[in-house]
Amino acid sequence: MTPTSQPRVSAKAAQALREAMDRLFSGKPERTDGKLTKNNLWREAGISRATMNRATDVLSEWDARIGTSPASLRDQKQGEEITLLRRQLKQSRQEHQQLQDQVDAAATVITVLLAENAALREQAAKRSAVIVPLARSMAVFE
């Protein structure tokens with residue numbers, strides 16, 4: 001064997017990586033949260049990151065499978081759903097702010113109307129207490 005044709009990692013490490021890859025892609029992780037990341041791959045395999053990085057053939061398989069796996073498609077669907085929900089949340093917050101602005105404006109108008117109403121009631125109460133004499137017309141009694 002030439003130096004370039006020698007395996008870069010042991011058969012045991014390569015097997016551990018492939019088994020970890022299968023668990024991650026099937027959605028049945030044992031040691032990680034199941035996200036399809038290379039961090040999870042080496043952790044799931046129970047090897048070091050450096051060992052994983054030397055396993056170029058396994059990483060090539062990973063890259064080939066990552067876009068077409070059911071777990072990857074599920075992750076993409078969840079990502080799209082999260083994006084949609086964030087957009088809806090942003091829109092709801094904007095609508096909430098608009099409604100809050102309308103409530104604040106209505107409260108201001110109500111306060112002004114209450115003050116005007118109180119002033120008018122006070123003015124009406126003062127006016128009704130005053131007796132205004134009527135001028136007698138001489139033509140009525142004649």
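From a predicted model like this one, the values you see are computed outputs, not experimental measurements. For this chain, numbers begin at 1 and follow the sequence in order.
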How long is the straight-line distance from NZ of K38 back to CG of L17, given to the nearest 0.5 Å?
11.5 Å
Other members of the hydrophobic cluster containing L113, with the 4.5 Å side-chain heavy-atom rule, please.
V109
Residues G34 and L24: closest non-hydrogen pair is CA-CD2, 3.9 Å
I'd like to check the side chain to side chain donor-acceptor pair (under 3.5 Å) partners of E81; sequence neighbours left out, ordered by chain and number.
none
Could you check whether any side-chain heavy atom of L59 comes within less than 4.5 Å of a side-chain heavy atom of M21, counting everything from C-beta outward?
no
List for me each residue that meets ring pair (Phe, Tyr, Trp, His ring centres under 6.0 Å) alongside W42, sequence neighbours excluded, and say none if there are none.
none
Taking the side chain as every heavy atom from C-beta outward, state whether I66 and F25 have any pair of such atoms under 4.5 Å apart.
yes
Could you tell me which residues satisfy salt bridge (charged side-chain N to carboxylate O under 4.0 Å, His left out) with E19, sequence neighbours excluded, listed by chain and number?
none
Across all chains, not counting sequence neighbours, the side-chain contact (heavy atoms from CB on, under 4.5 Å) partners of R87 are T83, L84
Looking only at heavy atoms, the pair that brings N40 and D33 closest together is ND2-OD1, 2.6 Å
Contact list for residues 95-124, test salt bridge (charged side-chain N to carboxylate O under 4.0 Å, His left out), sequence neighbours left out
E122-K126
Residue pairs passing the salt bridge (charged side-chain N to carboxylate O under 4.0 Å, His left out) test where at least one lies in residues 21-30, sequence neighbours excluded:
D22-R65, R23-E30, R23-E44
Using the test side chain to side chain donor-acceptor pair (under 3.5 Å), find all partners of Q88 that sit at least two apart in sequence or belong to another chain.
none
Between atom CZ of R93 and atom NZ of K90, what is the distance when rounded to the nearest 0.5 Å?
10.5 Å
Other members of the hydrophobic cluster containing V103, with the 4.5 Å side-chain heavy-atom rule, please.
none
To check you understand the geometry: which heavy-atom pair defines the closest contact between A16 and A45, and what is its length?
O-CB, 3.5 Å
Could you tell me which residues satisfy side-chain contact (heavy atoms from CB on, under 4.5 Å) with Q78, sequence neighbours excluded, listed by chain and number?
R74, D75
Just verifying a value: how many Å separate T32 OG1 and L41 CG, rounded to the nearest 0.5 Å?
9.0 Å
Enumerate donor-acceptor pairs with a distance under 3.5 Å from any side-chain N or O in residues 47-57 to protein atoms, sequence neighbours excluded.
residue: S48; atom: OG; partner: T51; partner atom: N; Å: 3.1
residue: S48; atom: OG; partner: T51; partner atom: OG1; Å: 2.9
residue: R49; atom: NH2; partner: N39; partner atom: OD1; Å: 2.0
residue: T51; atom: OG1; partner: R54; partner atom: NH2; Å: 3.3
residue: N53; atom: ND2; partner: R49; partner atom: O; Å: 3.4

Hydrophobic cluster (4.5 angstrom, side-chain heavy atoms) - remaining members for V112:
none
